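Below: one structure, written as structure tokens.
As the structure is a prediction and not an experimental result, all values here were calculated from the model.
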Amino acid sequence: MPVEKKIYLDYNATTPVDSRVLDEILPYFTEKFGNASSDHVFGWDAEEAVETSRERIANLLQCKPTELTFTSGATEAANLALFGFCEKNRSKGRHIITCKTEHKAVLDTVKALQKRGFQVSFLNVDSEGNIDLNELENSITSETILVCLMLANNETGLIHPLRKIEKIVHSKGSKLMSDITQAVGKIQVDIGQLNLDLAVFSSHKIYGPKGVGALYINKKNKVEIEPQVFGGGQEKALRPGTLNVPGIVGFGKASEIAFSELEEQSTRSEELRIKLEELLGSIEGAQINSKNSQRLPNTVNVTFENIDGTQLLRRLNSLAVSRGSACTSNTVQPSHVLKAMGLSDEQALASLRISLGRNTNFADIKFAADEIKAQVTMLRTAKV
Ligand code: PLP
């Protein structure tokens with residue numbers, strides 16, 4: 001059946017490339033195609049473009065350009081940070097702490113580290129998705145070399161109190177890494193103020209191209225990591241390989257736009273999210289997850305009681321919304337995030353993540369809420 005109207009409400013999965021970003025990228029595929037490592041005019045132009053991007057991204061995050069290493073995305077950056085840090089600091093201890101609600105980019109990587117002899121503690125969360133800071137403090141031992149906690153959750157939008165976490169972690173002599181992928185471009189992220197040791201993030205969540213991301217390594221805190229890939233020496237030999245110049249140029253431009261429009265976009269997004277939550281609140285048995293906690297301005301995660309989630313999603317074919325994160329949502333597993341928050345498999349499967357973006361307007365959220373209400377009501381009626 002052809003779908004007449006399509007509304008995209010899955011901006012936490014990915015975003016469209018901003019047309020201003022696309023305009024800036026295009027010449028780097030054709031007339032400005034040089035290899036950033038080549039020692040001639042084409043190479044110098046490409047290198048200059050890469051360094052301009054690094055400055056633009058550093059400006060968005062308030063860090064030094066030299067603290068950023070380009071990767072193919074947040075997943076690769078998380079692998080490099082976790083493996084690179086743990087291998088380098090193996091002699092200082094073999095214990096890592098993370099949390100049950102992290103993205104798979106972190107969870108699966110620390111599980112791989114377990115196989116290399118590292119011990120990993122997975123912190124619990126409460127029904128809102130918050131960790132217990134006392135549990136964190138008590139879990140840090142003299143063997144703990146790294147604590148890895150995300151700034152904002154991709155499924156619920158929940159924001160962890162990283163400033164408090166940083167104080168605990170550093171007072172115990174450990175280092176702090178954060179997956180800031182979902183927070184960048186949606187809320188102000190001042191990496192210097194947060195005093196993170198390592199951070200990872202991605203271009204395609206901020207209206208830049210896919211396949212490019214970055215790893216932040218705190219210079220002041222003297223954080224060292226070991227390379228995991230070997231080759232031509234690019235990116236100070238931490239991430240060798242010919243640089244993805246068009247991708248990096250797009251990432252830089254997207255960061256420049258995110259920086260200049262951050263306040264306006266986050267206010268607009270939050271107003272729409274509040275309205276959407278009001279509309280969804282009129283559906284019987286609808287519960288907004290992490291409702292009473294600090295959250296991203298654009299993310300709503302809602303559970304519908306007594307509903308078959310698979311049937312609901314199938315009926316909502318004009319809406320691009322998700323269950324869980326994009327990487328795992330086609331496997332129809334109940335979300336590990338919602339389960340960690342105490343939801344049953346059935347409740348987790350009957351939950352939708354709706355994430356708003358730059359192109360979302362009031363008509364979109366009204367249409368979405370009406371559609372969800374109609375389909376939930378139809379499914380409930382069909383049950384009786
Ligand atoms: N971390 C979080 C919180 C994410 O939401 C995502 C993307 O879904 C990733 C990491 C992975 O990012 P990338 O697609 O750049 O590898």
Side-chain angles (χ1 to χ4, degrees), residues 63 67 69 71 74-126 129-153 158-181 191-201 215-230 238-239 336-337 339-341:
C63 66
E67 293 175 311
T69 302
T71 65
T75 303
E76 188 198 334
N79 275 262
L80 176 56
L82 286 162
F83 268 92
F85 182 85
C86 291
E87 296 291 359
K88 183 81 189 174
N89 295 281
R90 187 179 265 270
S91 61
K92 295 182 188 152
R94 298 219 181 156
H95 181 225
I96 312 162
I97 299 174
T98 186
C99 165
K100 290 181 176 166
T101 52
E102 290 290 311
H103 189 275
K104 296 280 182 190
V106 164
L107 288 179
D108 287 353
T109 309
V110 295
K111 283 178 192 159
L113 279 165
Q114 280 179 319
K115 292 189 187 134
R116 304 260 181 112
F118 288 90
Q119 192 206 332
V120 184
S121 300
F122 296 90
L123 297 176
N124 293 307
V125 295
D126 64 15
N130 288 298
I131 59 161
D132 177 347
L133 295 182
N134 290 323
E135 189 194 350
L136 167 66
E137 189 158 7
N138 295 333
S139 305
I140 304 176
T141 70
S142 57
E143 275 283 303
T144 313
I145 49 171
L146 188 67
V147 174
C148 180
L149 292 167
M150 71 204 315
L151 177 49
N153 188 277
L158 180 106
I159 296 173
H160 278 148
L162 275 196
R163 285 208 196 183
K164 287 185 186 159
I165 290 170
E166 177 272 316
K167 296 223 157 44
I168 295 170
V169 172
H170 285 144
S171 75
K172 295 260 191 172
S174 195
K175 297 284 187 212
L176 179 62
M177 165 177 164
S178 186
D179 176 353
I180 59 171
T181 308
I191 279 200
Q193 251 183 18
L194 289 173
N195 200 17
L196 301 175
D197 296 298
L198 294 159
V200 300
F201 54 103
L215 163 62
Y216 160 83
I217 305 176
N218 191 323
K219 287 246 166 190
K220 180 173 59 69
N221 294 1
K222 301 192 169 39
V223 181
E224 286 186 326
I225 70 166
E226 224 164 76
Q228 300 301 306
V229 177
F230 303 89
L238 254 191
R239 205 281 190 170
H336 69 279
V337 173
K339 284 189 70 175
M341 289 162 60

Please check: side-chain N/O of [X] versus main-chain N/O of [Y], any donor-acceptor pairing under 3.5 Å?
| X | Y | result |
| --- | --- | --- |
| Glu143 | Gly93 | no |
| Asp197 | Asn218 | no |
| Asn221 | Val223 | no |
| Gln228 | Leu80 | no |
| Ser174 | Thr144 | yes |
| Asn130 | Asp126 | no |

Do you know the tightest heavy-atom contact between [X] and [Y]?
| X | Y | result |
| --- | --- | --- |
| Leu107 | Glu102 | CD1-O, 3.3 Å |
| Cys99 | Val125 | SG-CG1, 3.6 Å |
| Val120 | Val110 | CG2-O, 3.7 Å |
| Val147 | Leu149 | CG1-CD1, 3.8 Å |
| Cys148 | Val106 | SG-CG1, 3.8 Å |
| Thr109 | Ala78 | CG2-O, 4.3 Å |

Are [X] and [Y] packed together at the side-chain level, in the sense that at least one heavy-atom pair is separated by less than 4.5 angstrom?
| X | Y | value |
| --- | --- | --- |
| Leu198 | Tyr216 | no |
| Leu151 | Leu196 | no |
| Leu146 | Asn89 | no |
| Thr101 | His336 | no |
| Val337 | Leu158 | no |

Exercise for the section: Kindly compute the distance separating NE2 (His103) from OG1 (Thr98), expressed to the nearest 0.5 Å. Expected result: 12.5 Å
Practice task
To the nearest 0.5 angstrom, please state how far the CG atom of Asn138 sits from the CG atom of Leu133.
Solution key: 11.0 Å
Exercise for the section: Could you tell me whether Arg116 and Glu87 have a side-chain N and a carboxylate O separated by less than 4.0 Å? Expected result: yes
Problem - Neighbour count above 12 (heavy atom, 6.0 Å) for Lys92 NZ - result: no
